[in-house]
Peer 1: 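Got a structure here, written out as structure tokens. Questions coming.
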Amino acid sequence: MILTRSILLVSFILSGLLYSQTNVTIVLPVVTLMDIEPAGNITLSFTAPTEAGNALGNPTPNTSKWINYTSAITSGGLTRRITAAVNQTIPGVNIRLQAAAASGSGGGTLGTAAAQITLSTTPTTIISGIGGAYTGNGTNNGHRLTISLVPGTYANLSAQTNTAVTIVYTITE
């Protein structure tokens, strides 16, 4: 009888432990973060020809900048995109921008890079289809940017010295 009561008591205690539960509340905020790595300015300079009748020498394209982003969208929400524009144009000069395919240590639904664009003061999509994703941080993570200068209309060219043009990147839905 004592053995039977002990077994029932142990069974009752164990059954109570097997069916205990804890509720967990999970919060995942909507996140939209983007930056350009590494920080700092770049300089692109045309080269004067050494022979009359020759065109300007185009600067070597700059490939030192990377776009990094983190994105968490609402359930069923729209994917995000990144646009680029310049704060001013320089007559006779085209500033071109190309975002490469994502690479590095990120994960999720990374965006798709568009074809090379010529920047203007109107924002143009350079990366689209960004879902829940992160690119990794710093250089060699995210989308490498290639920024280049080429003459546009030679008739509009005029000498410029240290003309600063800002490229504005925006992440949006």
Peer 1: With a 4.5 Å cut-off on side-chain heavy atoms, are Y169 and T83 touching?
Peer 2: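 Not in contact.
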
Peer 1: Please tell me if the side chains of Y69 and L110 come closer than 4.5 Å, counting only heavy atoms from C-beta onward.
Peer 2: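 Counting from C-beta outward, Y69 and L110 do come under 4.5 Å.
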
Peer 1: Under a 4.5 Å cut-off applied to non-hydrogen side-chain atoms, are I67 and L145 in contact?
Peer 2: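 Counting from C-beta outward, I67 and L145 do come under 4.5 Å.
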
Peer 1: So do the side chains of I130 and T109 get within less than 4.5 Å of each other, counting heavy atoms only?
Peer 2: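 When only atoms from C-beta onward are counted, T109 and I130 do not touch, as no gap falls below 4.5 Å.
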
Peer 1: In Å and rounded to the nearest 0.5 Å, what is the CG to NE2 distance from N68 to H143?
Peer 2: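 Rounded to the nearest 0.5 Å, the CG-NE2 separation comes to 9.5 Å.
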
Peer 1: Side-chain heavy atoms under 4.5 angstrom apart, residues restricted to Ile, Leu, Val, Met, Phe, Trp, Tyr: same cluster for L149 and I147?
Peer 2: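 Yes; I147 is reachable from L149 via cluster members.
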
Peer 1: Hydrogens and angles aside, do S71 and R80 bring a side-chain donor and acceptor to less than 3.5 Å of each other?
Peer 2: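 Indeed, the side chains of S71 and R80 share at least one donor-acceptor pair under 3.5 Å.
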
Peer 1: Do any N or O atoms from the side chain of N58 and from the backbone of V150 form a donor-acceptor pair under 3.5 angstrom?
Peer 2: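 No: the side chain of N58 does not pair with the backbone of V150.
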
Peer 1: Can I126 and L97 be said to form a side-chain contact (heavy atoms from CB on, under 4.5 Å), step by step?
Peer 2: CA-CA 8 Å; I126 61 169; L97 177 69; 3.9 Å; yes

Peer 1: Do V86 and T166 come within less than 4.5 Å of each other through their side chains, counting heavy atoms only?
Peer 2: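 In short, these two side chains do not touch, never coming nearer than 4.5 Å.
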
Peer 1: Any donor-acceptor pair under 3.5 Å linking the side chain of Q98 with the backbone of Q116?
Peer 2: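 Judged by distance alone, yes, a pair lies under 3.5 Å.
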
Peer 1: Roughly how far, to the nearest 0.5 Å, is the CD1 atom of I95 from the CD1 atom of I167?
Peer 2: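 One finds 6.0 Å between CD1 of I167 and CD1 of I95.
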
Peer 1: Identify the heavy atoms of Y154 and L56 that sit nearest to each other, and give their distance.
Peer 2: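 Reported closest heavy-atom pair: OH-N, 3.2 Å.
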
Peer 1: If we only count heavy atoms from C-beta on, is the I42 to S64 side-chain gap below 4.5 Å?
Peer 2: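 They are in side-chain contact.
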
Peer 1: Does any part of the side chain of I127, heavy atoms only, come nearer than 4.5 Å to the side chain of R81, both counted from C-beta?
Peer 2: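 They are not in contact (no side-chain heavy atoms under 4.5 Å apart), so the answer is no.
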
Peer 1: To the nearest 0.5 Å, tell me how far K65 NZ sits from T139 OG1.
Peer 2: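 It comes to 10.5 Å.
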
Peer 1: Just by distance, with hydrogens left out, do S105 and N141 show a side-chain donor and acceptor under 3.5 Å apart?
Peer 2: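 Note: S105 and N141 side chains meet the donor-acceptor criterion.
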
